[in-house]
Amino acid sequence: MLIQFAPIVLLIVLFYFLMIRPQQKRAKEHQAAISAVKRGDVVVLSSGMVGKIVRVEDAEVGVEIAQGVTVKVVKSMIADVRTRGEPAPANDGKS
């Protein structure tokens with residue numbers, strides 16, 4: 001009887017290590033990045049818009065998406081945090 005359940009148990013363990021555990025790790029890293037945002041950081045929102053943080057509150061942040069245009073965004077809608085230290089790609093046509 002143990003031999004019949006061994007493949008099922010093996011599949012469950014494999015599923016945990018290949019799918020559930022990496023997803024939990026990514027979620028923890030994302031939560032840490034969101035909680036560490038500060039004024040001046042460049043962020044990418046879940047809608048794809050890129051903006052600069054101008055105000056940080058408990059559950060919301062103010063994001064400047066264009067010069068003089070600031071929107072209030074819920075922190076959980078930040079998809080990626082690009083800090084000030086990262087270089088911006090060049091937009092010139094020389095390369």
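Around the CD atom of Q4, the shell of radius 6.0 Å holds no more than 12 heavy atoms that belong to other residues, nucleotides or ligands.
Within the structure, every pair that satisfies the salt bridge (Lys or Arg N to Asp or Glu O under 4.0 Å) test and touches residues 60-75, not counting sequence neighbours, is listed here: E60-K72. Sequence neighbours left out, not one pair with a member in residues 17-29 passes salt bridge (Lys or Arg N to Asp or Glu O under 4.0 Å).
By the criterion of side-chain heavy atoms lying less than 4.5 angstrom apart, applied directly or through intervening Ile, Leu, Val, Met, Phe, Trp or Tyr residues, L18 is grouped together with I20 in one hydrophobic cluster. Residues V81 and V54 do not share a hydrophobic cluster, defined by chaining ILVMFWY side chains whose heavy atoms lie under 4.5 Å apart.
Looking only at side-chain heavy atoms (C-beta outward), F17 and V13 come within less than 4.5 Å of each other. Residues V73 and L45 are in side-chain contact: their nearest non-hydrogen atoms beyond the backbone lie under 4.5 Å apart. By the 4.5 Å heavy-atom criterion applied to side chains, I53 and V63 are counted as neighbours. By the 4.5 Å heavy-atom criterion applied to side chains, V44 and I78 are not counted as neighbours. Taking the side chain as every heavy atom from C-beta outward, V43 and D80 never approach each other to under 4.5 Å.
With sequence neighbours left out, the side-chain contact (heavy atoms from CB on, under 4.5 Å) criterion links S35 to no other residue.
In this structure, NZ in K52 is found 14.0 Å from CD1 in I65, a value given to the nearest 0.5 Å. Remark: Q23 CD to Y16 OH distance equals 12.5 Å, nearest 0.5 Å. Put simply, CZ on F5 and CG on L10 are 15.0 Å apart, with the number rounded to the nearest 0.5 Å.
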Original post:
Given R82 and D41, is the side chain to side chain contact (heavy atoms under 4.5 Å, CB included) satisfied, shown in steps?
Top reply: CA-CA 6 Å; R82 299 179 185 171; D41 287 349; over 6 Å; no
